[in-house]
Number of protein chains: 2
Amino acid sequence: MTYTSALHALQDPTRRAIIDRLRRRPLSVGELAGDLPVSQPAVSQHLGVLRDAGLVTSRREGRRRIYALRAEGLLPLRAYVDAMWADALAAYAASFGADGNQGGRG
Amino acid sequence: MTYTSALHALQDPTRRAIIDRLRRRPLSVGELAGDLPVSQPAVSQHLGVLRDAGLVTSRREGRRRIYALRAEGLLPLRAYVDAMWADALAAYAASFGADGNQGGRG
DNA sequence: CCCATCTATAAGTTATGACTTATACATCGG
DNA sequence: CCGATGTATAAGTCATAACTTATAGATGGG
């Protein structure tokens, strides 16, 4: 839901592997588990983290549960990175000509 | 240097606290440590992680070492998030009218 | 209802990493 | 050179979280 939970969720390699597979199309838990080197419960646990972070949604389909990427969930992280980018550039520019004369541009 | 190291670096709350302070202006290790609830060695360790991830740069200034944000270091993460965003939207759109008729919009 | 299939949760193990204190390394002043 | 200041590294402790197996919960078919 926030950028911190997104960072936490995306930091794990297994969760990124799940995300990478969902980037093509929605998949069931079993399909994901069959294609990853971890057990099905591990996949379910990771999906729970991704869901709490707002990065995936799920729907029932008979006995299966289909998970899909949720684009909206990326917006907080994107906003954080963009703001940090802007501040980094501003701080860099300000370091020339603030209280201390740090030297010329370049 | 890559988006994975950026994700790893930004996942930690203390490292984000460091980043947040550097968003205003470059700071020395001592200035950072004095404003954070962890020891100076902990700050140095975190700065090493941030440096390895390409998110900060440093320069000597007498006996002190000044750390500053490095905007370029955010580009890989930004590209990853953007690509994921695009794929998420595409996968969502494709889920209407692919092999299975998944139902209407909503 | 009963069984098979699919997913989520429980409980326990283990590797990782964030922290500490102690100390080495580097720079400046006397 | 010697001490003070500032930072990085070393070594060890401890909490977290990613994994396992076992099992509970939910759905569909005979």
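Lettering follows sequence order; numbering is per chain, from 1.
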Atom CD of B:E61 and atom C1' of C:dC28 are separated, to the nearest Å, by 14 Å
Heavy-atom closest pair (B:L74 atom, A:W85 atom, distance to 0.1 Å) is CD1-N, 3.5 Å
Exercise. Is there a side-chain contact between A:L69 and A:T57 (heavy atoms, below 4.5 Å)?
Worked result: no
Contact check, residues 3-16 of chain B vs DNA chain C, heavy-atom distance under 4.0 Å, returns B:D12, B:T14, B:R15
Whole-Å distance, A:D52 CG to D:dA17 C1', equals 14 Å
Review point. Cluster question for you: counting only ILVMFWY and a side-chain heavy-atom cut-off of under 4.5 Å, with indirect links fine, are B:I66 and A:L89 together?
Key: no
Exercise for the section: Report yes or no: do A:R51 and A:S58 form a side-chain donor-acceptor pair below 3.5 Å? Expected result: yes
Pairing of A:D82 and B:R78 as salt bridge, 4.0 angstrom limit: yes
Between CG of A:L32 and P of C:dC6 the distance, given in whole Å, is 14 Å
Nucleotide N/O to protein N/O under 3.5 Å, stretch nucleotides 5-10 of chain D:
unit_1: D:dT7; atom_1: OP1; unit_2: B:V29; atom_2: N; d: 3.4
unit_1: D:dT7; atom_1: OP1; unit_2: B:R65; atom_2: N; d: 3.3
unit_1: D:dT7; atom_1: OP2; unit_2: B:G30; atom_2: N; d: 2.8
unit_1: D:dA8; atom_1: OP1; unit_2: B:Y67; atom_2: OH; d: 2.5
unit_1: D:dA8; atom_1: OP2; unit_2: B:S44; atom_2: OG; d: 2.6
unit_1: D:dA8; atom_1: N7; unit_2: B:Q40; atom_2: NE2; d: 3.0
unit_1: D:dA8; atom_1: N6; unit_2: B:Q40; atom_2: OE1; d: 3.4

Whole-Å distance, B:I18 CD1 to C:dA18 C1', equals 12 Å
Distance col, row B:Y3:OH vs B:L10:CG, nearest 0.5 angstrom, shows 14.5 Å
Here the pair of heavy atoms bringing A:V81 nearest to B:L77 is CG2-CD2, 3.8 Å
Residue pairs meeting ring-ring contact (aromatic ring centres under 6.0 Å, His included), one or both in residues 10-44 of chain B, sequence neighbours left out, come to none
